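The structure appears below as structure tokens.
Quick caveat: nothing in here was measured; it's all calculated off a predicted structure. Because only heavy atoms are used, hydrogens play no part in the values below, and waters and symmetry mates are left out as well, while side chains stay in.
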Amino acid sequence: MSEPILEMRRVSKSFFSIKALRDVDLTVYAGEIHALMGENGAGKSTLMKILSGAYRPDPGSEIRIDGQPVQISGPLGGRAAGIAIIYQELSLAPNLSVAENIYLGREVSRGGLLARETMQAGVGPILARLGADFTPQTLVANLSMGQRQLVEIARALHARSRILIMDEPTTALSAGESERLFALIRQLRAEGLAIIYISHRMDEVYALGDRVTVLRDGTLVGSLDKGDIRADTIVRMMVGRDVSSFYKKEHDPRNDLKAPAAPVLAAVDIADNRRVKGCSLTVHAGEVVGLAGLVGAGRTELAHLIIGAAPMVSGHVEIEGRAVSIRTPGEALDAGIAYLTEDRKALGLFLDMSCLDNINLAVLGRDAKFGGILDRDKARDRARRAFTALGIRAANVGVPAGGLSGGNQQKVLLSRLLAIGPKILILDEPTRGVDVGAKSEIYSIIDNLAKSGTAVLVISSDLPEIIGICDRVVVMRAGRIAGQIRRDATTQLSQEEIMALATGTEQLDA
């Protein structure tokens with residue numbers, strides 16, 4: 001093997017009394033995809049911010065590029081050293097063109113005016129090399145998330161970066177966009193780029209990773225070569241326990257003698273004008289039902305019809321056997337249906353507000369006293385109980401929700417919904433962007449809710465998740481219910497059966 005392009009040795013980082021990294025080593029080679037894994041808070045982002053120049057490491061830390069020690073001072077220093085980082089939250093300016101974004105901070109001007117044609121000409125060959133289906137003049141606001149990822153990569157290549165850091169690049173991409181991104185990443189590897197790939201998704205690591213390095217609690221656990229990359233090994237390294245402990249399904253609704261004959265939730269032949277075409281499903285008390293299907297099958301749209309977030313053109317919703325009229329999400333809450341959005345940052349949490357206020361938003365009326373004044377003591381007690389019950393890790397209930405890890409943000413949002421005491425809980429991609437340790441905790445929360453009699457509907461694109469936590473799986477295809485699979489004493493749920501229903505191959509087999 002050739003000499004490494006990057007060596008990080010004994011890298012440590014302290015924030016006052018908190019030791020975020022302790023003597024971490026990382027070696028990366030040109031022409032390799034090196035996966036960096038670990039729970040949220042393990043130190044991955046801190047390590048990469050040191051490499052890109054956003055943070056200065058503690059004394060005694062060493063970084064070498066091509067065998068030569070370097071001091072990276074600030075992001076400009078990182079760029080000068082050939083390092084580019086693409087964050088999970090893309091840093092593009094939507095009101096500027098593709099070319100202007102790629103040249104941002106390095107603009108070409110003549111006579112005090114931007115030389116737009118020159119910049120467009122400089123960007124064109126890179127976009128062609130990447131197979132872009134848009135032009136340098138295209139406004140970034142008009143691009144899809146997959147196309148915006150391409151602009152970020154083009155910016156890195158234009159800056160002649162040799163080390164490319166990608167942080168959860170597929171979080172907001174469709175399956176098709178992700179596959180195109182993977183093909184591009186493999187192309188860049190073949191061209192000699194060193195790619196550090198941060199992801200919580202095991203399938204992506206299998207598909208792309210040449211090596212994996214795992215961090216836990218700010219320390220290096222170890223590295224694995226291609227032939228040794230296994231889910232159970234990586235999980236054990238990340239969280240210190242076996243993957244089999246993740247899906248603890250202790251509750252079986254068939255053993256609940258108090259379960260009513262009528263389902264708690266029934267969607268009866270509901271449809272909209274576009275994506276949902278006459279769908280029916282049921283969820284009973286204490287039951288966890290999975291809603292599976294390919295991206296675009298209509299799963300989220302179906303949930304939006306149930307909660308009144310979109311207009312229904314036919315069909316109706318029943319709760320405990322009685323038809324109800326739900327026209328808004330607020331009316332859904334009043335009827336006992338709580339919905340966890342798939343986009344917690346844009347549609348769920350108020351990131352600048354405290355955890356206390358986020359948790360109590362849905363029950364403010366209950367805590368009002370003396371003519372509408374909020375009872376802060378009651379709200380604080382509720383938030384503290386939620387921190388304990390759901391294992392939310394933060395300094396206190398007063399810290400802003402935006403400063404928490406993805407898993408803890410998700411649990412804050414869950415706490416807000418559970419404060420209502422819903423009969424029915426609809427969870428849309430409940431573990432998206434969440435590390436494996438927090439996933440396990442969320443699965444336990446779901447199981448405990450089922451034990452308490454809550455009817456739970458889980459929408460997820462993660463098939464192992466669906467199989468691990470659900471009693472029954474309803475599969476959508478092209479806006480319709482394609483079929484369902486039930487777990488029982490003799491039958492286990494399988495990815496193959498779910499995918500056959502989702503893709504229509506069960507009809508081909510027949």
Side-chain angles (χ1 to χ4, degrees), residues 4-8 11 26-36 44-57 63-66 68 70-93 96 98-108 119 122-123 125-132 136 140 143 145-173 180-199 204 208-210 213:
I5 187 173
L6 170 68
E7 298 168 275
M8 302 182 77
V11 175
L26 178 68
T27 302
V28 181
Y29 293 86
E32 126 174 298
I33 301 171
H34 195 122
L36 184 61
K44 307 183 300 297
S45 295
T46 301
L47 186 65
M48 292 301 97
K49 285 179 178 178
I50 288 172
L51 177 58
S52 63
Y55 290 162
R56 185 182 296 274
I63 300 175
R64 290 176 174 267
I65 295 179
D66 293 327
Q68 301 299 313
V70 295
Q71 299 289 331
I72 301 175
S73 301
L76 291 179
R79 182 183 296 175
I83 299 162
I85 183 166
I86 300 175
Y87 291 103
Q88 184 175 345
E89 309 292 338
L90 301 182
S91 57
L92 299 174
L96 299 181
V98 169
E100 289 166 339
N101 269 278
I102 291 173
Y103 274 92
L104 200 61
R106 300 176 293 120
E107 292 84 355
V108 178
M119 292 191 293
V123 165
I126 294 176
L127 295 182
R129 171 183 166 191
L130 298 179
V140 164
L143 299 180
M145 286 304 299
Q147 291 171 322
R148 295 185 190 198
Q149 285 276 14
L150 212 59
V151 176
E152 289 272 21
I153 294 170
R155 182 158 64 183
L157 296 180
H158 188 264
R160 301 186 184 279
S161 302
R162 301 171 61 211
I163 300 169
L164 179 61
I165 305 162
M166 306 187 79
D167 187 0
E168 297 284 357
T170 63
T171 299
L173 302 188
R180 288 191 288 274
L181 178 64
F182 296 163
L184 178 56
I185 289 172
R186 294 186 183 102
Q187 174 189 324
L188 296 176
R189 172 180 61 186
E191 294 176 5
L193 251 70
I195 299 169
I196 301 174
Y197 192 91
I198 302 173
S199 179
E204 294 181 6
L208 296 173
D210 298 306
T213 290

Kindly check if the number of other-residue, nucleotide or ligand heavy atoms within 6.0 Å of CZ (Arg106) is above 12?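 Yes - once you tally the heavy atoms of other residues, nucleotides and ligands closer than 6.0 Å, there are more than 12.
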
message = Are more than 12 heavy atoms, taken from residues, nucleotides or ligands other than Arg189, located less than 6.0 Å from that residue's CZ atom?
response =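 Atom CZ in Arg189 is crowded, with more than 12 foreign heavy atoms closer than 6.0 Å.
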
| task | Answer with yes or no whether the side chains of Tyr29 and His34 bring together a donor and an acceptor at under 3.5 Å. | result |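 Side chains of His34 and Tyr29: no pair found under 3.5 Å.
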
How about Glu204 and Tyr197: does a side-chain donor come under 3.5 Å of a side-chain acceptor? yes

Sorted by chain and number, sequence neighbours left out, side chain to side chain donor-acceptor pair (under 3.5 Å) with Arg148 holds for none

State which residues pass side-chain contact (heavy atoms from CB on, under 4.5 Å) with [X]; sequence neighbours excluded, sorted by chain then number.
X: Leu76; result: Arg79
X: Ser45; result: Asp167
X: Arg64; result: Glu7, Glu62, Pro69
X: Gln187; result: Arg129, Leu184, Glu191

Within the 4.5 Å heavy-atom criterion, are [X] and [Y] side-chain neighbours or not?
X: Ile195; Y: Ile165; result: no
X: Ile5; Y: Arg162; result: yes
X: Val11; Y: Leu26; result: no
X: Ile185; Y: Ile33; result: yes
X: Pro136; Y: Leu127; result: yes
X: Leu181; Y: Leu150; result: no
X: Ile163; Y: Val28; result: no
X: Leu92; Y: Leu104; result: no

Side-chain donor/acceptor of Asp210 to backbone N/O of Glu32, under 3.5 Å:
no

**Prompt:** Gln147 side chain to Ala132 main-chain N or O, any donor-acceptor pair under 3.5 Å?
**Reply:** no

Show the numbers, then the answer: is there a side chain to side chain contact (heavy atoms under 4.5 Å, CB included) between Leu6 and Ile63?
CA-CA 7 Å; Leu6 170 68; Ile63 300 175; 4.0 Å; yes

CG of Asn101 to CE of Met119, rounded to nearest 0.5 Å, is 10.5 Å

* List for me each residue that meets ring pair (Phe, Tyr, Trp, His ring centres under 6.0 Å) alongside Tyr55, sequence neighbours excluded, and say none if there are none. =>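 Testing Tyr55 for ring pair (Phe, Tyr, Trp, His ring centres under 6.0 Å), a comparison that skips the adjacent residues, returns Phe15.
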
How close do Ile85 and Ser52 get, counting heavy atoms only, and between which atoms?
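Nearest heavy atoms, Ile85 then Ser52: CG2-CB, 4.1 Å.
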
